[in-house]
Amino acid sequence: MEWDIAKRELSKVKVSLNGKNELVLVQSKSNTLKCIGRGTDAAVFRFISAPQYAYKVFSNDKLEKLEQESKVYLKLGCSKYFPVYYGKGLNYLVISYEAGMTLYDCLLQGIHIPKQVIVEVDNAIDYVLSRGLNPRDIHLKNILFHEGQVKLVDVSEYMTPGNDKRWEYLKEGYKEHYHLFDGKALPFWLIENVRKWYNQTRPESLNIQDFVKDLINPFQERLHF
């Protein structure tokens, strides 16, 4: 297995939890692995000798998430909306490396997000449902956009029941308010405040319209909308 050539270097990486809903901590003694992303359960690396692959290394406290995500990829099968799944190691998954920017980075840099992105994410969600899975945890950092193509890059919660409504809130915000700041770089503190606010609130208790309105209004004057 060609992707297995990174096994020795991956053993030089340690990923640790950093509190609830905070990005993991990464310790690496490898000069040939590059960390390209961090989440709350795992970090993603590229190996210099096999750049076509992405290695998602999990914290030892979250290995059940690794097993769950592996099962999800197998159920998803081949789809243009998701990375290719190749296999797994002791504490990591191997998927195809996907170029592009997350929607999170698009907002930080003021890069236009076309309406087609929303359509494509909805299509991806329909595909997930057709495979008997539950599309959850679809947020700004889990959506890649590149040359008109959309990829969803974290499927670890697709076997978890319930609706966290993340995508519903994002889509409503885009529909009603994105035109106010399209092309403007949003400050990091604003996006992070939104994330923390949402994580501290029970989604079933929120009204989408009220949530977006209450979120946008306090910042309109400061951001010169």
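Below, each value reflects all heavy atoms present in this structure, side chains not excepted, and no hydrogens, waters or symmetry copies.
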### Query
Of all heavy-atom pairs between Ala99 and Leu144, which one has the smallest distance, and what is that distance?
O-CD1, 4.2 Å

### Query
Could Asp154 and Lys141 be called an ion pair, given the rule that one side-chain N must be under 4.0 Å from one carboxylate O?
no

### Task
Run the salt-bridge test on Glu168 and Lys171 with the 4.0 Å N-O cut-off and return the result as yes or no.
no

### Task
Using the rule that two of Ile, Leu, Val, Met, Phe, Trp, Tyr join whenever any of their side-chain heavy atoms come within less than 4.5 Å, decide whether Val26 and Ile36 are in one cluster.
no

#### Entry: Flag, side chain of Arg38 to backbone of Val24, donor-acceptor distance under 3.5 Å
yes

### Task
Take Phe58 and Leu93, measure what side-chain contact (heavy atoms from CB on, under 4.5 Å) needs, and give me the verdict at the end.
CA-CA 8 Å; Phe58 287 76; Leu93 296 177; 4.0 Å; yes

### Message
Do Tyr174 and Lys115 make a side-chain contact, defined as non-hydrogen atoms from C-beta onward lying under 4.5 Å apart?
### Response
yes

### Query
Can you tell if the side chain of Tyr158 reaches within under 4.5 Å of the side chain of Ile138, non-hydrogen atoms only?
yes

### Query
After noting the C-alpha distance and the side-chain angles of Glu67 and Lys88, does the key distance pass the side-chain contact (heavy atoms from CB on, under 4.5 Å) rule?
CA-CA 9 Å; Glu67 296 299 328; Lys88 62 180 179 177; 2.6 Å; yes

### Query
Which heavy atom of Val153 sits nearest a heavy atom of Pro83, and at what distance?
CG1-CG, 4.3 Å

### Query
What's the shortest heavy-atom distance between Lys65 and Ser156, and which atoms?
CD-CB, 4.2 Å

### Task
Decide if atom NZ of Lys12 counts as having more than 12 heavy atoms of other residues, nucleotides or ligands within a radius under 6.0 Å.
yes

### Query
How far does CZ of Arg46 sit from OH of Tyr55, to the nearest 0.5 angstrom?
10.5 Å

### Message
Contact between Leu23 and Asn18 at the side-chain level, heavy atoms closer than 4.5 Å - yes or no?
### Response
no

### Any Ile95 side-chain heavy atom under 4.5 Å of Lys56 side chain
no

#### Entry: Leu133 side, atom CG; Ile125 side, atom CD1 - distance, nearest 0.5 Å
13.0 Å

### Leu103 reachable from Leu186 in the ILVMFWY side-chain graph, under 4.5 Å edges
yes

### Query
Same hydrophobic cluster for Leu63 and Leu90, using side-chain heavy-atom links shorter than 4.5 Å among ILVMFWY?
no

### Query
Among Tyr86, Phe82, Tyr85, whose ring-ring contact (aromatic ring centres under 6.0 Å, His included) with Tyr73 holds?
Tyr85

### Message
Working to the nearest 0.5 angstrom, can you tell me the gap between Leu17 CG and Asp41 CG?
### Response
7.0 Å

#### Entry: Within-4.5 Å side-chain heavy-atom neighbours: Leu76 and Tyr127
yes

### Task
Go through the steps to decide whether Gln52 and Trp3 satisfy the test side-chain contact (heavy atoms from CB on, under 4.5 Å), and finish with yes or no.
CA-CA 9 Å; Gln52 68 271 39; Trp3 54 263; over 6 Å; no

### Query
According to a 4.5 Å side-chain heavy-atom criterion applied to Ile, Leu, Val, Met, Phe, Trp and Tyr, with indirect links allowed, do Leu66 and Val72 form part of one hydrophobic cluster?
yes

### Task
From the options Asp105, Leu108, Leu170, Thr102, select the one residue that forms a side chain to side chain contact (heavy atoms under 4.5 Å, CB included) with Leu140.
Leu170

### Message
Could you measure the distance from the CD atom of Glu69 to the NZ atom of Lys71? Nearest 0.5 Å is fine.
### Response
13.0 Å

### Query
Is there a donor-acceptor pair under 3.5 Å between the side chain of Lys151 and the backbone N or O of Lys80?
yes

### Message
Under 4.5 Å between side-chain heavy atoms, counting indirect links through other Ile/Leu/Val/Met/Phe/Trp/Tyr residues: same cluster for Tyr104 and Val155 or not?
### Response
yes

### Query
Does Lys75 have any salt bridge (charged side-chain N to carboxylate O under 4.0 Å, His left out) partners at least two apart in sequence or in another chain, and if so, which?
none

### Task
Check whether any side-chain heavy atom of Ser16 lies under 4.5 Å from a side-chain heavy atom of Ser59, and answer yes or no.
no

### Summary
Taken to the nearest 0.5 Å, the spacing of Thr40 OG1 from Lys62 NZ works out to 7.0 Å

### Message
Does any part of the side chain of Lys34, heavy atoms only, come nearer than 4.5 Å to the side chain of Ile48, both counted from C-beta?
### Response
no

### Side chain proximity check, Tyr178 to Ile113, heavy atoms < 4.5 angstrom
yes

#### Entry: Distance-only side-chain donor-acceptor flag, Asn142 / His139, under 3.5 Å
yes

### Summary
One should read off an interatomic distance between Glu9 CD and Ser28 OG, to the nearest 0.5 angstrom, of 8.0 Å

### Message
Evaluate Phe47 against Thr32 for side-chain contact (heavy atoms from CB on, under 4.5 Å), listing each step before the verdict.
### Response
CA-CA 6 Å; Phe47 183 44; Thr32 55; 3.2 Å; yes

